[in-house]
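To keep things clear, I will list the structure first and then write my remarks on it.
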Amino acid sequence: MEVAVKVPLHRSFDYVLPQSISAQTLAVGMRVLVPFGNRQVTALVLRIKNSSELAADKIKAVIKLIDNAPIIDSTHIELLKFTARYYHYPLGETLFSALPKALRIGEDIDKTSINYLQLTEKGERLPTLRANKQQALLSQLAKSGKSPITEVKALGFSKATIDAIVEKQLAEVSIEFASHWRTDELKVAPKPKLNAEQAVACSTINQSAGYASFLLEGVTGSGKTEVYLQCLEEVLKQGKQALVLVPEIGLTPQTVNRFRRRFPNTPIMLWHSALTDNERLQTWRFCQKGSCAIVIGTRSAIFMPFLQLGMIIVDEEHDSSFKQQDSLRYHARDLAAYRAQQHHIPLVLGTATPALETLHRAIGGRYHLLSLTQRAQTSTDNHYQLIDIKGQHLDAGLSHASLAYIKRELARQKQVMVFLNRRGFSPSLICHECGWLSDCQRCSTSATYHKSMRRLVCHHCGEQSAPPMQCPDCGSTQINPVGCGTEQLEEALSEQFPDVALSRIDRDSTRKKGSLEEELERINQGGARILIGTQMLAKGHHFADVSLVVILDVDAGLHSCDFRATEHLAQLITQVAGRAGRSGEPGTVLLQTHFPEHPLLQDLVNNGYQHFARYALNERQETDLPPYTHLALLRAEAHDLSLLLRFLSDLVPAAPVPKIQLLGPIPAPLERIAGKFRYQLHIQGEDRGALHAYLGQMVSYLTNNKLAQKVRWNLDVDPIDMM
Ligand code: ADP
Ligand code: ZN
Ligand code: ZN
């Protein structure tokens with residue numbers, strides 16, 4: 001048989017069954033315990049075959065079967081094999097990282113399931129037993145019928161008593177997964193009547209037969225979630241399951257409750273990083289057995305098994321949290337497309353600001369474009385204003401014009417949101433005498449000053465130190481903050497508006513578990529009227545009274561070495577702007593910039609994201625960038641720079657490779673983090689097949705390369721972050 005083992009090798013392994021285990025009991029998708037080197041490891045059976053390229057005496061025997069039935073089916077194995085191939089990640093590690101931890105470490109698949117105890121035919125005749133306790137249990141079961149073992153135990157029957165009657169074949173243990181929702185009549189709570197565009201979207205999606213991908217493009221508040229809900233209704237009516245992927249930060253009680261309220265008798269489960277290992281296994285198993293109808297989850301939910309999947313929805317499909325940024329660097333949205341094809345079902349990608357990749361597919365006709373152009377409840381558009389800050393005096397990053405707007409809205413009893421994507425008090429300290437900067441010693445970046453903690457903190461390696469009282473270079477005591485972060489903004493605004501309640505939302509202010517939810521609730525109750533935040537505040541939350549949004553650091557996104565920076569900036573501006581004007585009247589969005597005439601900004605502000613995105617796509621085409629070519633990034637890091645450069649240069653062939661462009665070695669945008677140098681190779685090709693063939697060769701070369709043992713490297717296929 002061929003099995004996958006969780007080791008960093010791009011291959012499978014052959015084993016045989018020992019004499020003692022019958023071949024009939026073996027099936028693809030079962031876990032087996034195998035000897036591996038001098039260890040025993042859990043392996044997954046991929047294929048049953050009668051021959052091997054290895055000599056018979058070289059093949060080791062399986063130690064034992066862990067399961068008596070497959071834990072995943074062959075379609076699921078195909079998905080994981082595809083994932084390993086596409087992302088050039090070791091097969092065994094891909095397979096096992098997609099399983100709940102309990103299964104990875106060889107535990108029983110039903111360890112979290114509810115066991116039931118029930119009389120057998122023999123037991124039902126209620127034979128007379130010598131042990132009183134056992135006799136009592138028989139009559140209890142005769143009265144209660146099939147009962148959860150936990151309940152039986154709660155009545156005072158011990159495990160020994162239960163085991164004894166099972167041993168005598170008077171009772172049997174079974175596991176039951178309830179899936180009556182599939183045939184029960186679906187309950188649907190009262191719902192709004194769809195507007196014309198929503199109705200078209202809904203019926204187009206529900207009338208599609210087999211696989212089809214839809215881009216549901218609609219501004220925030222245009223009623224996308226309502227479309228999801230009404231599409232899901234059809235799926236549920238057919239007894240089929242659905243997967244709803246949401247960004248990490250989008251899994252709020254608000255969203256989930258909306259699904260639960262709409263379908264009150266439908267089992268809906270959540271999947272996210274805060275689940276315990278047991279909860280994870282249980283949810284996974286419920287899904288596989290059809291006991292769960294809808295899973296709402298973050299990116300790794302894409303690897304959930306389903307009994308009968310009927311639809312996949314990816315909400316905020318442009319969100320970068322769908323891409324895993326370490327180990328197996330998969331993109332859940334892209335795998336969703338593969339899965340939808342596998343299962344011949346519709347895929348719905350919803351967003352106000354489609355990723356350029358997705359839009360490209362929609363324009364090319366591979367995805368159906370469905371547009372919602374009207375806000376469902378209000379029909380007003382926000383009003384953008386570019387504020388030129390060239391030569392202007394700024395107070396904690398705020399211009400006079402912005403302050404005047406804030407004052408006006410607060411006087412009208414409205415909420416105001418000020419957005420700055422930089423936490424801390426200031427991104428650096430500077431010596432006024434000699435120009436010394438508070439650089440991190442281990443990274444090529446500065447350490448951020450956090451005033452409330454009185455610390456310098458490097459946001460890249462986490463290194464902390466006390467801010468110096470005197471300049472380490474010249475001894476001067478004139479050490480001042482340069483630049484502005486959310487902490488400083490908060491201080492300045494509370495000085496300006498001492499009577500106005502204020503709330504700051506960033507990773508520092510919400511470190512404590514549950515504090516984000518608490519703070520959001522306070523804002524919604526109208527408790528805070530100035531909201532200060534990083535991008536954490538930009539996503540998904542509904543604030544009814546926000547009438548003004550001020551965005552302070554637009555320029556960083558306009559001038560970045562990452563070719564996706566402008567796309568992300570435009571998405572962010574549009575998303576943040578979506579927080580304003582929800583209460584019925586149009587909101588105002590202020591963008592502070594040194595470059596008010598920048599064509600991208602002008603386009604975004606005057607013509608909206610849709611227009612901007614098409615313009616940005618043209619630019620990508622002219623510069624041969626994704627989605628018009630395919631890109632992979634080989635990142636490497638080491639303490640020893642010359643070793644690192646030798647490693648990467650070795651990979652660049654002397655002669656050009658047909659259909660492949662190689663760029664590098666070039667330094668990463670942050671050349672040093674935590675003392676390690678970081679360099680990259682960009683590998684690009686118009687032809688996906690040719691690129692992947694080349695990456696495959698590169699990876700197999702690297703697995704046997706001596707230098708590759710001494711540097712840390714990873715390959716990122718379709719990277720969304722060039723760091
Ligand atoms: P999105 O997901 O695009 O942000 P939602 O589906 O959350 O939009 O809709 C915004 C608000 O409008 C919600 O309060 C929703 O209940 C309401 N809504 C959506 N569709 C309709 C409709 N057809 N008629 C009335 N209200 C609607
Ligand atoms: Zn100095
Ligand atoms: Zn650092």
What is the minimum heavy-atom distance between [X] and [Y], and which atoms define it?
X: Ser113; Y: Ile175; result: CB-CG2, 3.8 Å
X: Gly145; Y: Ser147; result: O-OG, 2.8 Å
X: Phe306; Y: Ala242; result: CE2-O, 4.1 Å
X: Leu117; Y: Ala171; result: CD1-CB, 4.1 Å
X: Trp284; Y: Leu103; result: CZ3-CD1, 3.4 Å

Using modelled atom types only, decide if a donor and an acceptor are shared between the side chain of [X] and the backbone of [Y] within a distance under 3.5 Å.
X: His343; Y: Tyr211; result: no
X: Arg333; Y: His318; result: no
X: Asn265; Y: Glu185; result: yes
X: Asp67; Y: Met30; result: no
X: Arg31; Y: Ile66; result: no
X: Arg39; Y: Val34; result: no
X: Arg339; Y: Ile302; result: yes
X: Gln241; Y: Leu307; result: yes
X: Gln308; Y: Gly290; result: no

Are side-chain N/O atoms of [X] and [Y] paired as donor and acceptor at under 3.5 Å?
X: Gln525; Y: Glu521; answer: yes
X: Thr276; Y: Asn278; answer: no
X: Glu519; Y: Ser503; answer: yes
X: Gln288; Y: Arg285; answer: yes

Discussion item. I'd like to know whether Ser700 forms a side chain to side chain donor-acceptor pair (under 3.5 Å) with Thr703, so could you lay out the CA-CA distance, the side-chain angles of the two residues, the decisive distance to 0.1 Å, and finally the verdict.
Written reply: CA-CA 5 Å; Ser700 62; Thr703 357; 5.6 Å; no
Worksheet item: Are Lys191 and Glu233 within salt-bridge range, i.e. N to O under 4.0 Å?
Response: yes
Worksheet item: Can we say Lys224 and Glu316 salt-bridge, meaning some charged N sits less than 4.0 Å from an Asp/Glu carboxylate O?
Response: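 No, Lys224 and Glu316 are not salt-bridged.
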Practice prompt. Mind checking salt bridge (charged side-chain N to carboxylate O under 4.0 Å, His left out) for Lys187 and listing every partner two or more places apart, or none if nothing turns up?
Written response: none
Practice prompt. Would you check, one step at a time, whether the test salt bridge (charged side-chain N to carboxylate O under 4.0 Å, His left out) holds for Lys146 with Glu151?
Written response: CA-CA 11 Å; Lys146 185 186 225 165; Glu151 276 176 32; over 6 Å; no
Worksheet item: Atom NZ of Lys81 and atom OG of Ser12: how far apart are they, to the nearest 0.5 Å?
Response: 7.5 Å
Item to complete: Scan Asp716, Asp721, Asp718 and name whichever one has a salt bridge (charged side-chain N to carboxylate O under 4.0 Å, His left out) with Lys323.
Response: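 Of the listed options, the one satisfying the test is Asp716.
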Using distance only, find each side-chain donor-acceptor pair of residues 41-49 under 3.5 Å and give its atom names and separation, not counting sequence neighbours.
residue, atom, partner, partner atom, Å
Arg47, NE, Glu2, OE1, 2.8
Arg47, NH2, Glu2, OE1, 3.0
Lys49, NZ, Asp14, OD1, 3.0
Lys49, NZ, Asp14, OD2, 3.1

Discussion item. Using the ring pair (Phe, Tyr, Trp, His ring centres under 6.0 Å) definition, which of the options Tyr86, Phe82, Tyr87 pairs with His692?
Written reply: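 Among Tyr86, Phe82, Tyr87, the one that satisfies the ring pair (Phe, Tyr, Trp, His ring centres under 6.0 Å) with His692 is Tyr86.
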Worksheet item: Quick one: side-chain hydrogen bond (donor to acceptor under 3.5 Å, both in side chains) pairs with a partner in residues 114-139, sequence neighbours left out?
Response: Gln134-Lys168
Item to complete: Assert yes or no for the condition that the ring centre distance of Phe13 to Phe36 is strictly below 6.0 Å.
Response: yes
Worksheet item: What about the rings of His88 and His10, do their centers lie closer together than 6.0 Å?
Response: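 Ring centres of His10 and His88 not closer than 6.0 Å.
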Discussion item. For Leu232 and Ile313: C-alpha separation, side-chain torsions, deciding distance, then whether side-chain contact (heavy atoms from CB on, under 4.5 Å) applies.
Written reply: CA-CA 9 Å; Leu232 286 175; Ile313 294 169; 3.9 Å; yes
Discussion item. Around atom CD1 of Ile114, are there more than 12 heavy atoms from other residues, nucleotides or ligands closer than 6.0 Å?
Written reply: no
